[in-house]
Amino acid sequence: MVKNVHQYYVYIIANKRNGTLYVGVTNNLERRVFEHKSGSVKGFTQKYGLKKLVYFETYQDVNDAILREKRLKKWKRQWKIDLIEKENLNWIDLSDNWFVQMDSASGAE
């Protein structure tokens, strides 16, 4: 019997380089980033305009992903910045081309 392989993501989203950071976990990164970008979920990320996916990691075990998220949330801010810049020095939005229709609807190109 083949076991379903699930993927879970720990991610960091920001409003700008060295700006406000949010660490989260999800089983559907594209959907979750869309929720952040569209502001459809009230809370911290909407309040601070966090819409740039600047870092993520992939896990197959949900418990590993949750543990990593909890650990990252306890990290010092500079450690998180260093983690982001190790992989994404210029803080490029890693989801920049994921939502072409949303960009078109808003008039952005």
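We count residues from 1, following the sequence as given. Computation of the quantities below employed the complete heavy-atom set of this structure, encompassing side-chain atoms and omitting hydrogens, waters and symmetry-equivalent molecules.
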Notebook entry, point to check: With a 4.5 Å limit on heavy-atom distance, are the side chains of T26 and R31 in contact?
Noted result: yes
Check: If you count the non-hydrogen atoms of other residues, nucleotides and ligands that lie under 6.0 Å from OH in Y48, is the total more than 12?
Finding: no
Notebook entry, point to check: What distance separates L50 CG from T20 OG1, expressed to the nearest 0.5 Å?
Noted result: 6.0 Å
Next item on the list: Look at the aromatic rings of F56 and Y9 and report parallel, tilted or perpendicular, splitting at 30° and 60°.
Entry: perpendicular
Check: Hey, is the main chain of G39 close enough, under 3.5 Å, to the side chain of Q46 for a donor-acceptor pair?
Finding: yes
Next item on the list: Tell me, with the steps shown, if N88 and L94 meet side-chain contact (heavy atoms from CB on, under 4.5 Å).
Entry: CA-CA 9 Å; N88 187 0; L94 302 174; 3.8 Å; yes
Margin query: According to side chain to side chain donor-acceptor pair (under 3.5 Å), who are the partners of K73, at least two apart in sequence or on a separate chain?
Written below: E69
Check: Checking N15 side chain against G49 main chain: does a donor-acceptor pair fall under 3.5 Å?
Finding: no
Next item on the list: Nearest 0.5 Å please: distance from the OG1 atom of T45 over to the OH atom of Y22.
Entry: 6.5 Å
Check: Between K37 (side chain) and K51 (backbone), is there a donor-acceptor pair under 3.5 Å?
Finding: yes
Margin query: If you compare all heavy atoms of A65 against all heavy atoms of V10, which two are closest, and at what distance to 0.1 Å?
Written below: O-CG2, 3.2 Å
Checklist line | Residues forming a salt bridge (charged side-chain N to carboxylate O under 4.0 Å, His left out) with R77, sequence neighbours excluded | finding: none
Next item on the list: Grab the two heavy atoms, one from K80 and one from L72, that are nearest each other, plus how far apart they are.
Entry: CE-O, 2.8 Å
Notebook entry, point to check: Do I12 and I84 have side-chain heavy atoms sitting under 4.5 Å apart?
Noted result: yes
Note to self: For V25 versus I66, what's the shortest heavy-atom pair and its separation?
What the structure shows: CG2-N, 4.4 Å
Next item on the list: Work out which heavy atom in W91 is nearest to a heavy atom in K52; give both atom names and the distance.
Entry: O-NZ, 2.8 Å
Next item on the list: Describe, in one word, how the ring planes of W79 and W75 are oriented to each other, choosing from parallel (under 30°), tilted (30 to 60°) and perpendicular (over 60°).
Entry: perpendicular
Margin query: If I take atom CD1 from residue I13 and atom NE2 from residue H36, how far apart are they, to the nearest 0.5 angstrom?
Written below: 4.5 Å
Notebook entry, point to check: Less than 4.5 Å apart, any side-chain heavy atom of H6 and any of Y8?
Noted result: yes
Check: Quick one: are V33 and W98 in side-chain contact, heavy atoms under 4.5 Å?
Finding: yes
Item checked: With sequence neighbours excluded, residues passing side chain to side chain donor-acceptor pair (under 3.5 Å) with Y59 -> E57
Next item on the list: State, with a plain yes or no, whether a side-chain heavy atom of D96 is found less than 4.5 Å away from one of L53.
Entry: no
Notebook entry, point to check: Could E85 and R17 be called an ion pair, given the rule that one side-chain N must be under 4.0 Å from one carboxylate O?
Noted result: yes
Check: Counting distance only, does the side-chain N/O of D93 pair as donor-acceptor with the main-chain N or O of S95 below 3.5 Å?
Finding: yes
Note to self: Quick one, N18 and I81 - any side-chain contact, counting heavy atoms below 4.5 Å?
What the structure shows: yes
Check: Looking only at heavy atoms, which two atoms of F44 and L21 are closest? And how far apart?
Finding: CE2-O, 3.8 Å
Next item on the list: Take Y11 and V23, measure what side-chain contact (heavy atoms from CB on, under 4.5 Å) needs, and give me the verdict at the end.
Entry: CA-CA 6 Å; Y11 63 95; V23 177; over 6 Å; no
